[in-house]
J.: 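One structure, as structure tokens, below. Some questions next.
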Amino acid sequence: MRILGIIPARYASTRFPGKPLTIIKGKTMIQRVYEQALKSEYLSDVVVATDDQRIYDAVVDFGGKVMMTSTEHNSGTDRCCEIIEKIGDSYDAVVNIQGDEPFINPEQINQIARLISSEGSQIASLCKPIKDEGELFDNNVVKVVFDIKGDALYFSRHTIPFLRKVDKDAKSWLAARTFYKHIGIYSYKVDVLKKIASLEQSELELAECLEQLRWMENSYTIKMGVTEYESYSIDTPQDVEKCLKYFQD
């Protein structure tokens, strides 16, 4: 199976404008993401999808592959779809790699590539057991529950499932069962990507601000893989220093 890794990267950001060009230990963030993606043995190729000339030029400067996309996209999924439509049908699946995770572990990319390569899969994503008490009731941490086959049942910013018979404190809940947080990396079969990119926003998506709920409301299945690797996205300048505490070259 031919799988294309696409790294959506836009310059505009409310909390951190220009963050793909932030220098992290001598390299731009987008270069670090790109180099991590190249380490995956499952990707046939990697390309950055951007709407900004400054990011385009930076990728060209370090020798990466990059394509310009529309400034009108609402999500990385839409940006990935534009790239596929421009390239044609030379790929079977796409892995959408977040452009703000400069230390993404290549094994996470390998894992999601294996998931999307399985028979009958439409969309794949990853999740990780919640071990940090501060994350359990944090509405910025998206949670997921899935069935015995690993297909997602629901994603929410609320803590799911609700434990009716357990005192509502993080220690009690984490001791009672395993909760999973969503890791924001997706893979899609190419034909599915084209279809979900054309869907209108749904009620659940608008309620939770989670695009994956739109796909599920339209009967697409999301295969979940459980990873033990942490995911650190950079949303603010302060996050850069925080991440550097965990990762070394």
Side-chain angles (χ1 to χ4, degrees), residues 1-10 19-50 55 58-67 76-77 79-80 83-84 87 90-118 121 123-131 142 144 150 152 180-190 193 212 222-235 239-240 242-249:
M1 175 173 283
R2 285 181 55 78
I3 302 177
L4 176 64
I6 301 179
I7 307 171
R10 62 191 188 93
K19 67 179 178 179
L21 302 182
T22 298
I23 301 298
I24 301 176
K25 300 181 74 173
K27 297 180 181 179
T28 61
M29 183 189 305
I30 193 63
Q31 181 175 354
R32 288 196 170 275
V33 178
Y34 190 90
E35 290 177 349
Q36 290 299 99
L38 288 180
K39 295 175 184 178
S40 169
E41 58 200 74
Y42 285 85
L43 298 183
S44 302
D45 208 348
V46 178
V47 62
V48 174
T50 188
I55 296 174
V59 176
V60 170
D61 285 345
F62 69 71
K65 296 182 180 180
V66 59
M67 295 179 66
T77 300
R79 210 171 294 284
C80 287
I83 294 294
I84 281 296
I87 290 177
S90 55
Y91 294 94
D92 303 296
V94 166
V95 176
N96 177 353
I97 302 162
Q98 299 295 318
D100 59 3
E101 295 191 8
F103 305 108
I104 184 171
N105 193 303
E107 180 50 39
Q108 290 181 311
I109 300 173
N110 291 341
Q111 182 179 8
I112 201 170
R114 289 192 294 267
L115 285 171
I116 201 62
S117 298
S118 61
S121 64
I123 306 167
S125 194
L126 299 180
C127 60
K128 183 182 184 297
I130 293 176
K131 298 176 181 178
V142 178
V144 60
Y180 295 92
K181 66 176 179 179
H182 182 219
I183 302 297
I185 182 172
Y186 292 107
S187 185
Y188 337 78
K189 291 282 176 56
V190 163
L193 172 59
Q212 62 268 41
I222 304 176
K223 183 70 69 178
M224 299 302 301
V226 178
T227 177
E228 289 297 328
Y229 294 107
E230 190 56 88
S231 176
Y232 293 93
S233 60
I234 292 178
D235 297 314
D239 289 339
V240 176
K242 207 183 305 181
C243 282
L244 288 175
K245 294 178 181 179
Y246 294 95
F247 297 94
Q248 300 292 330
D249 277 336

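The first residue in the sequence is number 1, and the count goes up from there.
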J.: Once rounded to the nearest 0.5 Å, what's the spacing between atom CD of Gln31 and atom CG of Asp61?
T.: 9.5 Å
J.: Does Val47 reach the side chain of Ile7, with side-chain heavy atoms less than 4.5 Å apart?
T.: no
J.: Answer yes when Glu230 and Lys131 have at least one side-chain N-carboxylate O distance shorter than 4.0 Å, and no when they do not.
T.: no
J.: What pairs meet the salt bridge (Lys or Arg N to Asp or Glu O under 4.0 Å) rule with one or both residues in residues 34-44, with sequence neighbours excluded?
T.: Lys27-Glu35
J.: Ala49: which residues meet the side chain to side chain contact (heavy atoms under 4.5 Å, CB included) condition with it, sequence neighbours left out?
T.: Ile6, Thr69, Arg79, Ile83
J.: Checking the side chain of Thr50 only, and the main-chain atoms of Ala9 only, is there a donor and an acceptor separated by less than 3.5 Å?
T.: yes
J.: Checking Tyr188 against Thr77 for the side-chain hydrogen bond (donor to acceptor under 3.5 Å, both in side chains) test, could you report, in this order, the C-alpha distance in whole Å, the side-chain angles of both residues, the deciding distance, and whether it holds?
T.: CA-CA 9 Å; Tyr188 337 78; Thr77 300; 2.9 Å; yes
J.: Under 3.5 Å, is there a donor-acceptor pair linking the side chains of Gln111 and Tyr229?
T.: no
J.: Are the side chains of Asn96 and Ile185 in contact, using a 4.5 Å heavy-atom criterion?
T.: no
J.: Go through it in stages, so that I can follow the logic: the residues are Ser118 and Lys223, the test is side-chain hydrogen bond (donor to acceptor under 3.5 Å, both in side chains), and I'd like the CA-CA distance, side-chain angles, deciding distance and then a yes or no.
T.: CA-CA 10 Å; Ser118 61; Lys223 183 70 69 178; over 6 Å; no
J.: Please tell me if the side chains of Ser40 and Val46 come closer than 4.5 Å, counting only heavy atoms from C-beta onward.
T.: no
J.: Any side-chain heavy-atom pair from Tyr91 and Asp45 closer than 4.5 angstrom?
T.: yes
J.: In Å, rounded to the nearest 0.5 Å, how long is the span from CG of Leu193 to SG of Cys80?
T.: 6.5 Å
J.: Does Val48 reach the side chain of Met67, with side-chain heavy atoms less than 4.5 Å apart?
T.: no
J.: Do you know the tightest heavy-atom contact between Ile234 and Met29?
T.: CG2-CE, 3.7 Å
J.: State, with a plain yes or no, whether a side-chain heavy atom of Val95 is found less than 4.5 Å away from one of Leu43.
T.: yes
J.: Indicate yes or no: at least one non-hydrogen side-chain atom of Ser187 is less than 4.5 angstrom from one of Ile123.
T.: no
J.: Taking the side chain as every heavy atom from C-beta outward, state whether His182 and Met224 have any atom pair closer than 4.5 Å.
T.: yes
J.: Work out which heavy atom in Tyr180 is nearest to a heavy atom in Cys127; give both atom names and the distance.
T.: CD2-SG, 3.9 Å
